[in-house]
Every structure is written in C-alpha cells, then in structure tokens.
Colleague: 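Got a structure for you, questions after.
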Amino acid sequence: MKQKKLLKIVAMVLPDNFELNNELNINLELLGYDGRFLQLILNALDVDYELMLPPDNELGRKTKDGNWTGLIGMLQREEADLSFHSIFLTSQREEVVSFSVPLTVTGITFLLRKPPYEFSNFAYAYPFDILTWILNLCILIIISSVFFIIMSQKLSFGKVFLAVYGSFIHQPMILPKTHKKWNWLFGLWLLFVAVLSFSYTACLLSFLSIPFERNAVRTFRQLSEGVQKGTHSVFSPKGSFIIDYLATSEEDHFRIIGKEIISNNWYYDMKDMNYNTSFTEGIVYFHIRKGLEFYFDDQVSKGDVIIGDENIAVSPIGFAMRKNFSFAEKLNNIISRTRSAGLYEKFMKDEHLKLRLNMSDGLSERKMQKQLSVNNLAGVFLLLLVGISLSVGILIFEIIYYNFTK
C-alpha cells in the first residue's frame, strides 16, 4: 500500500473558526468553518497531516532582524508546509512565503461597546433645533409688534408681548377688541400657535419616554480623536500587519492610532476574540470585518456593540504556504473549485447558525422604554425653581423699595 505524504500544517485554534475534537495531533477531526474547509481539502489532497500550533500565537510580523514571528515565521523557517488560517496577502509576506488563490476580499475595521443610553435634564429644549427656537423668538417679537400697532398702542408693548407669549403655552389670549378687519390675523395666529404647541408637546413626550443615544465612534477619524482625548484605547491582534500599516500611513489620524498602539503595547490574543468576549466602554478592538460580523452581528442588531462603518487595508485573504511547496498547484485547483461551489461560505453560514442558536438564550434586547421619573424632569423643575426664586427676589425688592420711598 502506497504511503501517503505527511504535511505539516500550522494553525491557530479559535472558537467556531478552527477547533479540534480531542487532544491528539495526528489525523484529527477538525471543527469550525476553517477546520471543516481544511478537512475537505486534505481529503481531496489524499495526504496525512500533522497539526502544529505557533508558540507565540501570532499571525506573523517582521522583526528588526528580518525574521518573522507566528505562522509566517514557521513557514519561513520551513518548520511547516502550510498555514491554514485566513491571512491577508501583503507584499512583505509574499517575500518569504507563497499564498494560495484568495478565498475572499475583506478589510480591517473595529468593534466597540455601544455607549449607554442616557436621559437629559434639558430634554424640554430638544424637540426644536437652535434655528427653530430662534425663528420662534423672532416671530414672537414681530407678531407682538404687529398687534401693538393694530391696537393703536392701547396697551404697553410688554403686556402685548406677554399675551402673545401666553398663547404659545396654551394660555388664553386676552386683548382689547379691535377692528373686525383684523380678526383673520388673530385667527391665523391662534391656528399657528396651536399646531406649533401641540407639535412641541408630542415631540417632548417622545424625548422624555425614550432615552437618548449618545454619539458613538463609527469612523477612524472619530476614533483618532477619541484616542487623542484619552477616551478610547485601541487594541490590535498580536502579530497583525495593521500595526505597521497604521504607523506608516500618510494619513495623520491613522498614524496617531498606530503610534498609540505601539507605545502603549495595546495588543490582544486572537483566541480571546469570540462571542463570549466582554467589552468595556472606551475599549476598541481591530479585527477583520468578516470575523466581527461572524461573531457579533446579533449583538450589533440588539444594540450592544458597534462595528465601524469604514474598512482599511482592504485586501484578499488566503492560506500561506512555504516557498516551493510541492502541492501548491493542486491545492490552488481544489480551493478554486470549492470556492466556485460556495463551500467555504456554506461552512461559515453553518457555523454561524450554530453559534446563533447557542447564544440566543443568553442575549436579550436592550430595553429603551421606561417610566418617567423625577430625574427626567429635573431640568424643568430647576427652571421652575429659578423662575420662582427670581419672582420672590423681585417681590422683596419692590416691598423694600416701596417702604423706603413711601
């Protein structure tokens, strides 16, 4: 019987991506979408294999002496034949290893915990924007002036202004009788303030009942500003090419992020990035988009976490091989056929479905609705207290002034 050739394969064990069913390392049953895809390819190659793990658990970065760490380093030193982990194809890496045909194209983005909702003490000012408030004030002054002229100055401008302002807040508009030809103007004004005040009331109730969503970081420029202010810390996978990509970028906001990662030693182990990962507000993680969407799309839809809107370093990803790998052509043919058949995507969707079923009981939707409390109306009560205090102060001043001038 012809002996099968033994391939040395180096891979990183990641939950639901590449897993093993026991502790042996010869001819294992491989699990996860990358593991199932590797098992399919090995069966097609008709080879035996020995599975190896990188001692530093890194993808591979170039060190100062020109050598490489992680998966790429083991292939460079010919300690392994094939790295079965989705790795970005970069020009630096292609100098020391070969790559299979691409599996897909993706980019790097970031993940962070969504800021908590909050209730504002000044929600009563939110139904209208600044421009609308200014226009309302201008209209109030103009209409008061018009009514003051129409009434031939029978009342002081202050009293007319207070009467017009009272109509804004559902108070009766008590003014002396004027010429009947101006009744249409009063009618239009009352119709205007009715629509405006009811619109304001309806919007105010919605603002008080539903908490406000704080502005969250969604772009790399916003992330750079957060890093500079000290509100955010950015962590990158160990051995990822994205660190050098950011630090040497021509864009200032990218360089700021990259240099902060290097100077603060902000790195994380890729095996720790999975659906069980807990997130702290202000902590941001870089990762490939397809990986983040695989693990966290449910949490994104439930409003627990945010995946960045932008991608950087968009590039093909594939499997790395040592130079002069004898099965390179056959491997590429198999990958091309399986990719055309959509098998890689099928494995990923299957594992994603299993993942969603496993975690469906543990996730709950974010509850935004709640009853109004004193805290929600604190701004209104504060405004009322200030008004009463001013009124009492003016009353005391008038009493004192009257007694002194009597």
Side-chain angles (χ1 to χ4, degrees), residues 115 117-216 368-406:
Y117 292 99
E118 61 182 12
F119 287 89
S120 173
N121 292 331
F122 299 95
Y124 57 84
Y126 288 176
F128 297 149
D129 59 12
I130 295 177
L131 178 60
T132 305
W133 283 115
I134 293 174
L135 291 176
N136 285 334
L137 179 60
C138 293
I139 292 173
L140 183 62
I141 296 173
I142 293 171
I143 293 297
S144 299
S145 302
V146 171
F147 288 165
F148 177 68
I149 295 171
I150 290 175
M151 289 181 293
S152 302
Q153 303 179 5
K154 294 179 180 179
L155 293 176
S156 67
F157 180 80
K159 289 184 177 180
V160 174
F161 182 84
L162 288 176
V164 174
Y165 172 72
S167 65
F168 261 104
I169 54 176
H170 296 184
Q171 298 299 312
M173 189 175 176
I174 303 175
L175 292 173
K177 292 183 178 181
T178 58
H179 298 292
K180 292 183 179 181
K181 64 180 181 179
W182 296 110
N183 287 346
W184 65 269
L185 181 59
F186 283 95
L188 286 177
W189 172 250
L190 294 177
L191 177 62
F192 169 77
V193 295
V195 173
L196 187 69
S197 59
F198 285 129
S199 300
Y200 171 82
T201 304
C203 289
L204 179 62
L205 290 175
S206 65
F207 274 102
L208 292 175
S209 301
I210 300 177
F212 298 100
E213 184 175 323
R214 290 164 51 185
N215 292 330
M368 295 190 298
Q369 292 78 18
K370 59 176 291 186
Q371 292 179 322
L372 294 179
S373 65
V374 175
N375 292 333
N376 304 139
L377 301 174
V380 178
F381 287 125
L382 179 62
L383 189 63
L384 176 63
L385 180 62
V386 171
I388 293 175
S389 300
L390 289 174
S391 301
V392 172
I394 293 173
L395 175 62
I396 294 173
F397 174 79
E398 289 180 346
I399 294 173
I400 296 174
Y401 180 79
Y402 174 78
N403 289 331
F404 271 99
T405 58
K406 184 176 180 181

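Index from 1, following the sequence.
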Colleague: More than 12 foreign heavy atoms under 6.0 Å from CD1 of Ile130: is that the case here?
Modeller: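 Count not over threshold, so no.
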
Colleague: Measure the shortest side-chain to side-chain distance between Ile134 and Phe128 over non-hydrogen atoms and say whether it is less than 4.5 angstrom.
Modeller: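 Side-chain contact under 4.5 Å: no.
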
Colleague: Please round to the nearest 0.5 Å and tell me the distance separating atom SG of Cys138 and atom CH2 of Trp133.
Modeller: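 It comes to 13.5 Å.
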
Colleague: Supply the atom-to-atom distance Ser144 OG to Ile139 CD1, rounded to the nearest 0.5 angstrom.
Modeller: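 The CD1 atom of Ile139 is 11.5 Å from OG of Ser144, to the nearest 0.5 Å.
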
Colleague: Would you say Tyr165 has more than 12 foreign heavy atoms packed within less than 6.0 Å of its OH?
Modeller: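 Not more than 12 within 6.0 Å, no.
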
Colleague: Scan Ile141, Val146, Ile143 and name whichever one has a side chain to side chain contact (heavy atoms under 4.5 Å, CB included) with Val164.
Modeller: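 Exactly one option meets the side chain to side chain contact (heavy atoms under 4.5 Å, CB included) with Val164, and it is Ile143.
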
Colleague: To the nearest 0.5 angstrom, please state how far the CD1 atom of Ile142 sits from the CG atom of Leu137.
Modeller: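 The distance works out to 9.5 Å.
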
Colleague: Taking the side chain as everything from C-beta on, heavy atoms only, tell me whether Phe161 gets closer than 4.5 Å to Ser156.
Modeller: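 Answer no - side chains too far apart.
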
Colleague: What's the separation between atom OG in Ser391 and atom CD1 in Ile396, rounded to the nearest 0.5 Å?
Modeller: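 Result: 11.0 Å between the selected atoms.
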
Colleague: In Å and rounded to the nearest 0.5 Å, what is the OG to CG distance from Ser197 to Leu190?
Modeller: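 The CG atom of Leu190 is 10.5 Å from OG of Ser197, to the nearest 0.5 Å.
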
Colleague: Could you label the plane-to-plane angle of the Phe186 and Phe147 rings as parallel, tilted or perpendicular, counting under 30° as parallel and over 60° as perpendicular?
Modeller: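 Phe186 vs Phe147 ring planes: parallel.
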
Colleague: Drop me the distance from Ile400's CD1 to Leu395's CG, to the nearest 0.5 angstrom.
Modeller: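 One finds 9.5 Å between CD1 of Ile400 and CG of Leu395.
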
